[in-house]
Structures are given as structure tokens and as C-alpha cells.
Peer 1: 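Structure provided below as C-alpha cells; questions to follow.
By convention in this document, chain letters (A, B, ...) are assigned in the order of the sequence lines, proteins followed by strands, and residues within each chain are numbered from 1. Just the heavy atoms: all of them, side chains too, but no hydrogens, waters or symmetry mates, feed the values below.
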Amino acid sequence: MSDTNQAMAEKYRNNFLKEVEANVEEGDWVKMCMQCGVCSGSCPLGKFWEHPPQEIFMMIRAGKRDEVLGSDSMWMCTSCYNCIVRCPRELPITHIMHGLAHYAKRLGLVPGNQPTSKFAQMFWDNLMKKGRVNELKLGMSLYFMNGFGEGVKTALKMKDVGLGMTKTKRMNPMEILGGHAVKDLSGFQKAIKKAQELEDKRIEQHGA
Amino acid sequence: MAKHEYSFYPGCSSQKGASSSNYLTSVQTMCEELDIQLNEIPDWNCCAASIGYAGGGELPRLTLSARNIALSEEHNPGQDIVATCAACWLSTREAAERLEEDQSLFAEANEALAEAGLKLKNDTPIKHMAEVLIEDIGYDAIGEKVKKPLEGIKIAGYVGCQTNRPFGIHGESYENPKYLDKLVDTLGGDSLPGYEKKVQCCGGALAFSEPEKSQEMVKGIIEAAYDHGADMIVTPCPVCQMNVEVYQDQINETYGTKFKMPVVYYSTLMAVAYGRSAKDAALDGQVIPAKQLDELAAK
Amino acid sequence: MADEKKFAGYICTGCGIGERLDAGQLETTAKRDGKMAEVKQHEMLCSKEGVAMIRDDIDNNGANHIMIAACSRRAKVEAFNFTDVAMSRANLREGVIWLRPEGDEHQETTQEMADDYIRMACAEVKFMTQPSPSGEQTLNKTLLVVGGGVTGMTSSIEAAKAGYPVHLVAEEAKLGGVWADLYKRVPFRAAAVDVPNSKKADLPQPEDPGIDEMVAQIEADSRIRVHLNAKITKTSGAPGRFSADISTESGSTATENFGAIVQATDYKPYDANKLPEFAYGKTPDVVTNFELEKLAKEANGAPLKRPSDGKEVKSVAFVQCAGQRSEKEGHLPYCSGFCCTESIKQAMYFKAQNPGCDATVLFDDLRTPGAAGEDFYRSGQQAQVTFSKGKVSEVVADGGDLKVKFKDLILNEDTEMDCDLVVLATGQVPHVGPDPYAQLAVDEAEDEEEKAKAQAILEVAPPSILNLDYRQGTDLPQLKYGFVDSHFICFPYETRRTGIYAAGPVRRPMDMKQAMEDAVGATMKAIQAAENAARGSAAHPRVGDLSYPSFRKEGCTQCKRCTVECPFGAINEDEKRYPLFNESRCRRCGTCMGACPVRVISFENYSIDTVNQQIKNVEIPDEFEEKPRILALACENDAYPALDMAAQAGEELTPFARVIPVRCLGSVSLSWITDALNSGYDGIVLMGCRRDEDYQCHFVRGSAIAAERMSKVGDTLESLNLEPERVAVYEVAITDIKRAPQLINDMAETVEKIGMSPFKF
Amino acid sequence: MTEVVATNETILVVGGGISGMTAALEAAETGKQVVLVEKRPYLGGRVSQLYKYFPKLCFPTCGLEINQRRSKMNPNLTILTMAEVTGIKGEKGSYTASVKLSPRYVNENCTACGDCAKAVEAEFDDDYNYGLSKRKGAYLPYRMAHPALYVLDPRIIGTDDAQKAKDACKYEAVDLDMAEETIDFPCGAVIWATGWQPYDAAKIQPYGYDRFDNVVTSVEFERMADPGGPTDGKIVRPSDGEEAKKVAFIQCAGSRDRNHLLHCSRICCMASLKQCTYVSDAYGEDADISVYYIDIRAIDRFEDFYEKVQAIPQVKFIKSKPASIVEGTDKRPVVHGVDTEGYNRFADEHDLVVLAIGMEPSVDKDSFPVDIVINREGFIEAAPENGGVFAAGSASDALDVNRSVQHATGAALRAIQVVNGAAGVEG
């Protein structure tokens, strides 16, 4: 158990709902769910969810901390916003799912090899480097995220796609060396760093 | 017709050599025809789309968009921000609204931006190009420009998710938006209003990490298009376009299907209908060529 | 009104009557057989001219008994509205030509049908007299309100506001009743118009119960006289002239007169000792929702402490539907309606006093209807009350802490939660007197087992509240589960004790807002009853009817049937066991008339004769003419309109039928049946309303009583040795547009099978 | 020119549905002068369009017959149909009401003989049947319509049909020169009983009411079940008239939903339970009924009825707000969602889906004639600021018939308090 996880578990002993409200993006909406299940039924990847959103909200209220944060369900979210527009109680479910995923990540509770969590992290790291996403590098690092052998396989599997993209000039091998970037990179990075600090501080106080 | 001017946010995928560079090309052609001037936001950054959440917390992600808006407000004052990418549009508009409703977040975002010497006013409307076409230009004006009607071409309007939800185009429904069909009709093509997968998610966010899941959904989208006799699919979203177009071979492999369904941007359709060259319409960007359009453009 | 009866008949030839029928012959029939001194035809009798013609005869030619042959008595009522004369109507349009096909082959029988209806209407009006107010009551505006709770207080305040003085009788030492201990009440209103919908929205919060204000208002109102520690020891009389003895604990008794009465005795809290499974009684930390209000009131805003050890409550669980919505012995089968919002409110007490306190509501269906209801649900969620769909099986007290064992229906698992305090959302039990028919049930029990059951009920019956000196018992009749509600969807204030109206939770479980609204409605009805009694006019549904039952004492055999069968307990008995009619308690249904074996009871405008003469004046062709006659007696509210609408819809009816509308099947006298059979009718069809537990009869028991009586008609038929099929009793609804005529046609077929009646002369 | 005799002791009742009728009759039967204003050409409102009432399963027309007889007999009651209140001026105890009267083109001479309808050819959607059937351009709104006068549809005025109707009438009842008029009269108190309207089902996009033939609303289904209705009481699929045996009832269709009506419409659960019995009565063991719900709100003694329906083996209850409906093979609606009790996904194909449609108050929030307290959902709150104006029935909240009548009876007393005050009877 990571230290932060330990600390949080301590702090909100037996009140996971409060923990979520304090630490998860849009978490204070969770209490407003009336268990109608429209979100669960609306999710295009619904069948892949071990615990659909409405059930996760109930689990949060029931204090099932580990089951929720350790679940890979919220990583199934494709941000299609079906749940948000249909929710009769106005819960920003997509954001709550992202928030839970992010919080689980912070606490290091994401199940190992959860591919989307890895990809999402890479995406973030990738854009943090240059301020803009480098699709090629992103793709490559993705293919190799499960080690070299795996990577070669995936790369080969994706070869034709890549070829098609290159032919149509929608992918540029040269990108691997450098590629697009924000000019004021330092300013960009400072701003985001600052934002992260502020967020950590807020959560700290909010939770306290 | 009065000249329209916008502060333009192309987004990563529209960059040269990126997955939807063809989108940018056709949009530029379309804008020339419609007398729309796009002023790119200088030094814009990535919006983190809706997948940055694992690494980036709420405020850092909001700050990404805040920076773009601030830059726009500084360099293109008084101009509405326009994005062609659904994810860019959504993230930016969502950020603007979150910062609007939560003043403490707004203050923090500005505190962060100060590090880069920027300041956010956050009073700029943020539009998707489709909104510009429908609300600012209008179907009539769009129709007037048509030189080569897309006669006899059956086109399934695939709206996807993020151009449609949670904001969508004013007056359209989440379940059955009709604007792509209206646009196709306006361009003289045959729309397929009965196409029921028009708002089905393509699983874009999982395309890389869990392709089998997203490709299963893409399969449904293409199948339905064939069922309705579509010659091609039109979409306003680069993620949708790429996802639905480029994995068809893999899908055929997995499911034994024989898909070869062209997926084009509305801007490509317009460029062709406006009589511009295949190149201007970025038809050379089609991994699966849209033959009828090639022919029409060649005429 | 003129003593000498002057008869005039009017025949309308409009709406095709003239074309389809021989009006000349109808006129002759009216004169010759109907003995109408004067008969006039008009091509549109309901027109201004037509009406003026009749009006002129009444005003200038002394016509005081008129027969109108035109459309159904349900049509053109406003036009033919001659309230100052006796009037009968022959239904030639809906009743004859619209139900009969055109064509020569039908002409003869159709004309005969019409001629008979003329004869019948003439005969009817001959035996009618114009009703006039009896003056039995004068206007007494004072109301008696029984019950000092919110319902009774509201009733008193609203009556006084309308200018009607009130005596408010409460058995407690102070006003407020079961509501007196409320700390706060569930908000009455929904969110205001400008409130956005969001998690931070400004939603209604628990509010001051307002009891003290009401008490102050009552004390300040000179028109309201309050009797505390008081009971009603005797109630007698009728609307407009009720007399009640109000006795106080001190022993003093005051007798007051009233125009009408409102019973607002509210409810009694359910006895939670019947819920051992929830550890009630085993530990003081399991309380009912009623008891929690007391605790909250005492705490008065400070954090609630648990009764056992005064420890501040850090976690509380609410068990919804405790002892309710359950078939278990001793549980309430119904939902008390108020408990969901009540628990939300109480959970919010804990949140308000200590945001750190966990408050969980364990429910099956959360019932917060309406705009205010759903907003309050949101309000509770906003306050971070946790709602779990769960069924509680058991509450266990181990040491200081409580364990609530329940099945989480969403997460689909048996689980449990620890908490400091458990609140049982228990229900409302109506605070009523004994069921007036409990004794009757004992007397009429079919077998010993049933008798024992009835006896048991009688023994545990609560003490009387009204102590009515009525022949049919001391209190308001009960509908179900002890509630004295009306059984009519359209008429929630229908009462079986005219002039006495139940209000609030005695009618049906309800929350405070509903109880207050209900009180206003009941008060309206009470005021109306007093006003109508003063006019000598009947109460609902025959408001405006001035007729009332009179009876020939010399003929009476004191058989008591009328006093027993009156659905409204309107008839008492004098010391000699003769019936004592109470006009303003009477609803004019005629059930007493139907009950009387010696035919001594009648109304001015509706009597044994007015119907019997119609029956007798139908021409009965002799056997060999193959023209049977079928008598149909139809409830005027449902079966008769159904036949009218059948006519509108172009349904067909046998030309041999003769239909007579009756006020209620309960008013049908066996003598009519016997006489009809004796005078050669071949079949008789009786059409009344649904009479099972979901009865439709607007005089409650009329239809059922009629069915009972008719079950004995077999003997009559036997004595005349006629086939039993010749008399049929049906439940007919107003929607039976195809069925109603069919039933009569079926009888025609039956007659064809079994042959004509031998009793034709 | 229509004449209305009224004083500041007169009570104005707006709306002639069950609530308005009740309020008007209770006041009139207490000896008060009442003017009842109804927008439709007949009284009874939505109740007249119901087949049965819950929980008794009795027939609304039965009580309506009584109420109509009461109103025919009562000398204190003036009824104005096809009339709308356009303005109310003044204050508690002395208002002046302006009422707009639309032309019926048929006068009191009408004997409801029906000759005009026979003569007219033009047909229009029958709004009494929510457009599920057609009616003539000259029509009696329905069999029990009170007043029992025919109506000429304004759309035939100026056409040959209008003349045909006039020529067909033997009683000079058709008056083509009738014109709209507005009349003013005094009143002391106003009872606002404008009732409700079904929420626009097309707005509930995921359920495709506007796209799928076999998705209907509960009010339409009620007409379907009525033997006097558009399908002669047969429960069938609108798409092809085939028997609908597998029927789904979706609760909270437009209610308890921030995208639609925030409030709980209260009646829908009970209405669906009632309609379940229509299906099981019609098809017995062949019936296959699903009720999708969030909470079944069978409040107080209604619980009995809930149990009664639960006992029908052909009815099953699924705790779920369905996510969407898509059209399957043969136009059969497929309901998609998740049963939240234990998390089970479903995609159930039905013959017919009935949306238990929400109750939207027919109170014009934005241009109400006087200053009055209206809540977020558009219902009128009881408040002293409302002066002599009192809501009755579902203008005050989502209420069932029984509660509406109860509430309307109370409203009559509130009005009487005012006019008695005006008359100085008080005290």
C-alpha cells in the first residue's frame, strides 16, 4: 500500500464517500445518484464493466474503497458522454469516472497492466514533453509498453495501418526525430507544474 | 457575403504529417470558398483530449485549455475560437465552462498561467467548425456555392460522440442529430436519415490501448452503413474518421468481413462539391479512396 | 301549489320522432289512455318557442302535472327545467327510434313501444306530487370538530374564516394532538421558480411545524370554542339539528347543537413492540420515527444523544416500512405514505447538527411524490444523507453498538452496518371508534367460526368517538384497515353518515400537508351539509332533491327492514319500534321503499305507485300475438345512460322491452316484480351497479341489497310456477354500451325458448 | 353577445376538468354563484379520456355522469365552454375577469341529432383520442359530451362543408356568423383548475417516440384500451394493428429527470399498474408484461393494488430506468438497460412500449394573469400573496384524481371565505 493510500485510508476511516468528495474530480456529485441505472445501460462499453457507474456510486456509499479504486471499470470509459446527457440527476459521470481513475492512479491502486491507464499516462507524458502530442512516438511507446518482444509483434500487426497512414502523408517517420512543439516550452511546463502544485495543495486542505 | 474571421485551434492531429492533416487541408479549401478566415492561435498546445486524465489532474488539464484560450484572447482578441477536432473543441469549451462556474479554479488556473506570463479572461465563445457552418454561414449560403452536386452518392452521416455530446449543435438531439444529413442534401448528395449508428461511439479512446474493444464498435458502425446502402461515411471528427477508416483491414481479418468503406470529412465533401481539385479536397489523404468523389473532382 | 292536479302532455316531433312515429296516434294515446287533459305537439319542443308554450300552460292554464314525450330524461335537462311542477318524460328518441331499425316490418312494434312509453309517462306523472321543503331543519351554522390535532385545528380555523362558528373538542389537555411533538415539519413547498437544478441548489429544508401559530390563531378567534380533555358522550339528530354532549374529565357535560360534524381524530402511532426483530424494546437506542421527534425537540438543535448512555450519535440508520407493507401478523399491510419524507427530514436533523454524522436510509421504494416530494429527496441527498435500497432483516444490539442486518438490493449481497441509533419508520393507525357493523357481523355470522371471528373483532374494538345514537351503530362505518375513507375516486368526501365528514389520517394515511388540505375539503362538505339541510335539500348525489320519505304508520308492521337496510343509517326506531325518519340524513335513494314489504314508504315524486303504474299501463298483447313484454328496471346513473349511449351508437334493442329508470336498484320493491309477473310480463331484467368490495353503487349498499332481495324472487316465481330464467339481475356499468341492450335482447331470446307467460289477460 | 350575470360575490372557476367541475359544484351546491370557464367544447377534461380509474378499476364516466347531472340541475352554475381567461384585474374580493369565447358555430338549438356530421365530409385528427383516430369537421366531441352540443371545426368554416352542415340542420342550430368575443365580468374569488398536459414524449429522445411506431404514451394507451376508443378497446401495435401481447411500461418517462420534468408525476406508477391489468385481461396467460421502474410509488392504500398486480404471473418488475429503445426486427421496440438489482444488462424486445408519461402543469408561468407564487416546476403554491386566487387539483401539484377532487373541494371553501367576506357574511 502506497503511503498516500495509507494516509487517505486512515484519514477517511469508514467514510469513503467523504474521501471521494474531497479528492475526486466532481466527486461531490456522487451522493446525488438515485440508482436508476440509466448510465450503466447507456455505456457503449457497458458489457466490459465489472462495476457500471451507478453500481460504483452505490459501492462508494457502501464504503467499498478497495473494490472501487482497485477496479478497472472506470478505465473502460471512452468519454462518449452518453451517461452525462441521459443522467436524470445531472451527474457528470464521465468526469467522475476520469476523476476516480486519476485518484486510483495517484494512490497506485490501478490493477497492473491496465492498458488504458498506461496509454493515458503515456499520452500525458508525451504531451508534457513538447506541449503537443507526437502521434508516432506515442504509438511506438505504446506498442512497446509491454516489453520489446510484445512491441515488435504489435508494431508488425500495426504495420499496414502505419503504411497506409504514411502513404497518405498522415504519418511522418521523420517525426521520430523531434517533431512539432510549443515554442514557449518552458513557460508551458512551468504553468502546468504550478497547476499540479496548486491542485495538490487544494486536495491537501480540502481533505484536512 | 461578409467575411467571417475566427481564432483557429487546429489541434495536434491536424498538424502536418499527423493523422488528420487531410482534414486541415480540406477545411482550408472549404474556408476559402466560404470566405472564412482562420487565424491560428499562436503557439497553441495540446488539450489533453479526454484521455489525459490518468497523468494529469483536473487543474493541470484545465490549465492546458486555459493557456490556449488566453493566447487566443491575447493575439486574436474579439474572435470566437473555432476548433475542427471534436476533442479539442470539447476539452476547450468544457474547461471554459468549469472555470466559469468555479471561481476558485479560475483563480488557480490564472495563477498557473502567470508562470507563463499569460492571463485568462475567459469570455470567448468556443465553437466547432460545424457550428460555424450551420449557425454562422447557414445551409442556404453553403448550398449557393455548390458547382458539382454530389448526385447519386449515398452518404451516411456519422456524427459520433464528442461533436454531439454533451454540447452538440444547437437545436439538434443527442440521439438523432440531423445536420450531417441536411448538409449532404444541401450538397446534392443522398443522405441516409435512417442510419441508426450515427451517434454510436467508435471507442476512439481505446483504439490504441484496447483495439479489439474499439474495433468491435467500429464494425457495427460500418455494417449499418452498408445495410443502408451507403457509398461512404461522412464525419466531423478526426478521431472518428481515423478510427472508422484505417482499421477496416484488421476488422476484416478478425471478423471475416469485406469492408472497404470510405470515410470522409464534411469539408472534403464540400471542397469537391465546390468544384475544387482532389488535392484541395485532400482526397489523396484517404486510406480507403472515395472513388465517386475522385471521379467527380476529376470531371 | 294547486290541490287539484291538472295534466298536460307534450309530444316533440323533432329529431326524427315525427318521421319515424305516428305522432297523431301518440297524441290519442296520451289523451285516451294517459288521460291527459290537454296534449300538444311541437316540431322542436326544446326550442325557445316550445319551452315558452309549456311555460305558458303552467303559468296561465294551471298545468301542474306535465308529461313530456321527447328525448331521454338525460337530454335537454336545462330546457325542460320546470321546477315548479311535477314532470315525467317519455323517452321516444334514445329510448325508441334510435334503438330501433327503420323499415315497414318494424313500424308496428316500434310504434307500440312509443305508445307504451307515453302511457307509462302519463301514469307516472299522475301519481307524482311536486315535492316541497319540509322545514324540518333551520340553518344552524355551528360546526362540531372532533380532534385537536393539526387536522381538527385547520378545520376549525377554516370554518371560522368562512363565517361558521366551531366547537373544537380535543381529548388531550392541549391542542396539537399527535403532531404536538414535531420538532420540524417536512417542507410544504417545492423549490422556488428561480432555483437552478444543481448539487448546490437552494432546496427546501425542514421547517417550523407551525403548531404554536395555529394554537394562537384559534385562541384569538372568538368564533372557535375549544373543549380540552373532552369527549363526545352522545350525538343525536341530523344535519342542521345535531345535538352533542361534550363531557370533560372534570365530569361536566355541555349539550350543544350543530349543523354538521367533522371527525378529525387523526391517527395513533403504530405499536413498535410488535417489532422484536428490530430490537425495539430490547434497547432504548432503537426508537420509532414518532419518538425521534420528541428526542429532536428536546435536543432543540444540539447534537442528538442516544438514549442509552447519552453518547452523541455519530451514525444513525433509518429502517423504512418498519412493520408496514407486510402481510405478517400484527404488521400494517398498507404504506403510511408520510414515512419516506419524514425519515429524510429526520436524517437531515443529524446532518444539520453534526455534518460528520452518518445517516443512512434503508428503503425498498422511496416514495416522495409530487414536486415538493422529489425536491425534498434531492434536498436530503444534498445534505449527504445516504440512501440504500435494502431490506432490513434484523437489528441486533451487541453491547453499546447496534448492528443492522440487511440485504443490499443494488449490490445484491447480505450485509450489515454498525450504528449508534436506529430509527424505525413506523406507520399510522387510524384513530377511530368501533366499526358500527361489528355487532351486525356477529348477529349475521353464517357459522360458528365466522361468529367467533366477528366476536373477537368486537371485543378488541376501540371505545366510541362520536357515540351516535343511530340505529346502525355509534361511529362512522369503516372502509378498510379501520380507515373511514370514502370508496369513491370521484367523491372522496362521500360519507355513510350524512353531515358527518372524516378528515385527515382517519380517512387514509397521510402527511401533515395533506391532512391540512383534507381538513379544508371536509369542512367545505360539512358547511354544505348544514346549508342544504336548512333548505330541506338532499345531500350528494341528489343535491336539490326536496322529496323525502313519508310512511303510513298504520300500515307499518315494525319489521325494521328499512331501519336495517338504509345504507346511510338514516332511520332510527322509536320506542314502539316504528321507523323514525330523519329527513336530512336521508339520501333519497329509496332503499327503504324497496325494503318495505307492506309498501308504506314513498317519496312525493318517486313511489311504489309511480313505478307500479308504469308497469301496469304497458299494454300486454295476448299470448297468441307472439309479442312478449320484457320489463327492464335500470339504475338511472349507470345502466340507463348506457342504454342511451347504446342508442347514440346505433345499437339495437328488442321492441318488446320496456325500460324504467330507477334511482337505485335498492329502491326496487319486490311487489313491482310480482305485479309485473302477474300482469303477464314474460321476462324481467334488473340492472344495477357493481356491488362487490369495489362497489360502484352510489348509494353504497343499494345494489347489493337489491341482489340479496332478488335472490329470494325464486320463491315468488315458484309460487306462480314460472321458470326462474324469467327474472335476471345484472351488474351493469355505464360503459356497457353493447352489453346493456344485449342483456335485454338475451332475455327476449330466453322467452322465445321457454315460451310466453301464461299470465296474460 | 354572451351575457354573464355576476357580482363580486361570484366565484370564477377556470378549467372544467374533474377539479374545476368539483370546485364549481361544491361551491354552487352551497348556494354560491359560480361561473365555470372551460377551454374545450365540453366538460370533464382528461378524466373524460380515461378508460378506468386506479385502484378500483371503475369507470370515470360513471362519476362524470353524476357530476354532469349535478351541473345540469344546479341554478347557481353558469358554464362557458370554448372559453379562456385572458385577464384578471383588481384584487381579492373584487376582480374583473376577461374571458375570450371562441365560436362553436353551433347554438343552443342543437339537439345533438347528428345530421350535420353526416353532411360534412372533411375529417381531422380526433384530439379526444390524441390523434389516434379521425373525426368529422362537425362533431360531438364524445358520446357523453356536456353540453351535448355539436361543434364545427374552425378549419371547415368558409368551405362548402360549413354550408353543408348548416343546410343539414333542421333546427337552425348551425350559425356560421358566430365570431370570437371577449367578455368582462366581476368576481370575488378565482379557482385556478387548469389541470395538466402529457409531457411531450418526442423530447425523450432515447425512447424514440418520434421515430418508432410501436412506442406510445400512457395517455394514448388509455384510449386504446377503451372499447369506445380508436381501436375498439383492442391492444394492438400501431405499426400493423397486430395484437400487442408483450408490452413494456417505462416509468418516469419525462419525470424525475433534469432533462425533462424534475418532479415526480405521482400518477404514472399507478396508471401503469392499472394498464398492466388491461393487457393481462386482454391476453391472459399469453400476456408478457414488463414494468421498468426506479421506485414504485403506490402510496398509502394503493399498496393493495400494487400487490394485486405483483400477483399476476405475467407481470414482472425491473428496477431500471431504461437507457434507450432501438427498433428491432419487424418494428419491434427493443428496450436496452441495466437491471440495477444485482446488475443485469438487458435488451428486451417487445410488441409495444408504453411510456408512463409525466404530468406537466397547464399553468402559464410566464404570463399568468395575476401575480401569484408558482414553483420551479410550474405548479401554483398556496400562498397569501395569491390573494383571492386559489389553485385546485393538478394546477397545484402532480395529483391523482382522488387527491385532485379532495384538493378542489378545499379550494371551493377558500373561495367561499373570500366571497363571504365580500358579502359581509363573515363573523
Side-chain angles (χ1 to χ4, degrees), chain A residues 25 44-45 48 76-82 84-86 94 98-99 101-102 105-106 115-121 123-125 127-128 131-133 135 138-139 142 157 160-161 164-165 167-172 174-175 180 182-184 187-188 190-196 198-200 202, chain B residues 12-13 15-22 42-46 48-60 62-64 67 104 108-109 111-118 161-162 164-166 174 200-201 203-206 208-210 213-214 217 242 246-247 249-250 284-287:
Chain A
E25 179 176 354
L45 278 107
F48 297 114
M76 295 299 138
C77 175
T78 67
S79 314
C80 77
Y81 286 76
N82 252 323
I84 284 196
V85 298
R86 287 181 187 166
T94 309
H98 292 173
H102 177 74
K105 187 107 170 97
R106 282 170 58 110
T116 305
S117 77
K118 289 190 174 176
F119 173 65
Q121 186 61 52
F123 187 97
W124 181 256
D125 301 342
L127 85 88
M128 277 304 128
R132 294 186 188 178
V133 166
E135 292 176 338
L138 180 59
L142 175 77
K157 188 160 172 288
D160 299 351
V161 176
M165 297 297 279
K167 276 211 236 95
T168 56
K169 303 198 175 51
R170 291 165 61 181
M171 184 152 79
N172 175 2
M174 290 301 117
E175 282 274 316
H180 301 280
V182 166
K183 289 188 213 67
D184 176 20
F188 170 81
K190 271 193 257 139
I192 304 304
K193 184 162 164 294
K194 180 70 178 177
Q196 192 59 58
L198 288 167
E199 175 145 299
D200 297 343
R202 174 159 40 82
Chain B
C12 303
S13 65
Q15 301 171 94
K16 188 164 179 312
S19 57
S20 61
S21 46
N22 54 332
D43 205 37
W44 55 266
N45 56 261
C46 173
S50 37
I51 191 67
Y53 59 81
E58 185 178 15
L59 186 60
L62 291 173
T63 307
L64 287 173
R67 181 173 177 275
S104 66
E108 289 181 344
E111 201 178 332
L113 287 179
E115 298 285 316
L118 290 167
C161 301
Q162 298 194 339
N164 185 45
R165 296 179 298 260
Y174 297 135
Q200 158 73 48
C201 175
L206 301 188
F208 297 104
S209 51
E210 304 206 53
K213 290 195 174 79
S214 68
M217 293 191 277
M242 166 156 175
V246 305
Y247 299 111
D249 288 345
Q250 291 192 4
D284 55 2
Q286 294 300 128
V287 172

Peer 1: At a heavy-atom separation under 4.5 Å, does B:Y174 approach chain A through its side chain, its backbone, both, or neither?
Peer 2: side chain
Peer 1: Shorter than 4.5 Å, heavy atoms on both sides: which option in B:E115, B:E58, B:Q250 has the most such pairs with chain A?
Peer 2: B:E58
Peer 1: Which atoms of B:S104 come close to chain A, meaning under 4.5 Å heavy atom to heavy atom: side chain ones, backbone ones, both, or neither?
Peer 2: neither
Peer 1: Who are the side chain to side chain donor-acceptor pair (under 3.5 Å) partners of B:S209, not counting sequence neighbours?
Peer 2: A:T116
Peer 1: Measure A:Y81 against the heavy atoms of chain B and call it side chain, backbone, both or neither at under 4.5 Å.
Peer 2: both
Peer 1: Measure distances from B:L118 to the heavy atoms of chain A and classify the residue's part below 4.5 Å as side chain, backbone, both or neither.
Peer 2: neither
Peer 1: Nearest 0.5 angstrom please: B:Q162 CD to B:S50 OG, how far?
Peer 2: 4.0 Å
Peer 1: Out of A:K157, A:M128, A:E135, which one racks up the most heavy-atom pairs below 4.5 Å with chain B?
Peer 2: A:E135
Peer 1: With respect to chain A, which residue among B:C161, B:G17, B:A116 yields the maximal number of heavy-atom pairs within a distance under 4.5 Å?
Peer 2: B:G17
Peer 1: Can you tell me which portion of A:D160 sits under 4.5 Å from chain B's heavy atoms? Options are side chain, backbone, both or neither.
Peer 2: neither
Peer 1: Please state whether the side chain, the backbone, both or neither of B:Q286 comes within less than 4.5 Å of a heavy atom of chain A.
Peer 2: backbone
Peer 1: Distance from A:M165 atom CE to B:N22 atom CG, nearest 0.5 Å?
Peer 2: 8.0 Å
Peer 1: By a 4.5 Å heavy-atom criterion (distance strictly below it), what part of B:E108 contacts chain A: side chain, backbone, both, or neither?
Peer 2: both
Peer 1: Can you tell which of A:K193, A:K118, A:H98 has the highest number of heavy-atom pairs within less than 4.5 Å of chain B?
Peer 2: A:H98
Peer 1: Under 4.0 Å between a Lys/Arg side-chain N and an Asp/Glu carboxylate O for A:R106 and A:D200?
Peer 2: yes
Peer 1: Does B:R67 come within less than 4.0 Å of B:D43, counting only side-chain N to carboxylate O?
Peer 2: yes
Peer 1: Atom OG1 in A:T94, atom CG in A:N82: separation rounded to 0.5 Å?
Peer 2: 8.5 Å
Peer 1: Heavy-atom pairs under 4.5 Å with chain B are the metric here; pick the option from A:N172, A:L138, A:V133, A:I84 that has the most.
Peer 2: A:V133
Peer 1: Report the option among A:M171, A:R86, A:H180 that has the most heavy-atom pairs separated by less than 4.5 Å from atoms of chain B.
Peer 2: A:H180
Peer 1: For A:T78, what residues pass the side chain to side chain contact (heavy atoms under 4.5 Å, CB included) criterion, not counting sequence neighbours?
Peer 2: A:P44, A:L45, A:C80, B:C201, B:A205, B:L206
Peer 1: Which bit of B:Q15 is near chain A, if near means a heavy-atom gap under 4.5 Å: side chain, backbone, both or neither?
Peer 2: both
Peer 1: Between A:K190, A:E199, A:K105, who has the most heavy-atom pairs with chain B when the cutoff is under 4.5 Å?
Peer 2: A:E199
Peer 1: Distance-only, no hydrogens or angles: does the A:H102 side chain make a donor-acceptor pair with backbone N or O of B:G52 under 3.5 Å?
Peer 2: no
Peer 1: So which residue, B:G56, B:S214, B:C12, ends up with the most heavy-atom pairs under 4.5 Å with chain A?
Peer 2: B:G56
Peer 1: So what's closer than 4.5 Å to chain B heavy atoms on A:M76: side chain, backbone, both or neither?
Peer 2: both
Peer 1: State whether the side chain of B:S21 and the backbone N or O of A:K169 hold a donor-acceptor pair below 3.5 Å, judged by distance alone.
Peer 2: yes
Peer 1: Just how far is it from atom CH2 of A:W124 to atom OH of B:Y53, taken to the nearest 0.5 Å?
Peer 2: 13.5 Å
Peer 1: I'd like to check A:F188 versus B:C46 (side-chain heavy atoms, cut-off strictly below 4.5 Å). Are they in contact?
Peer 2: no
Peer 1: Of all of A:A101, A:P115, A:C77, A:S117, which one pairs up most often with chain B through heavy atoms under 4.5 Å apart?
Peer 2: A:P115
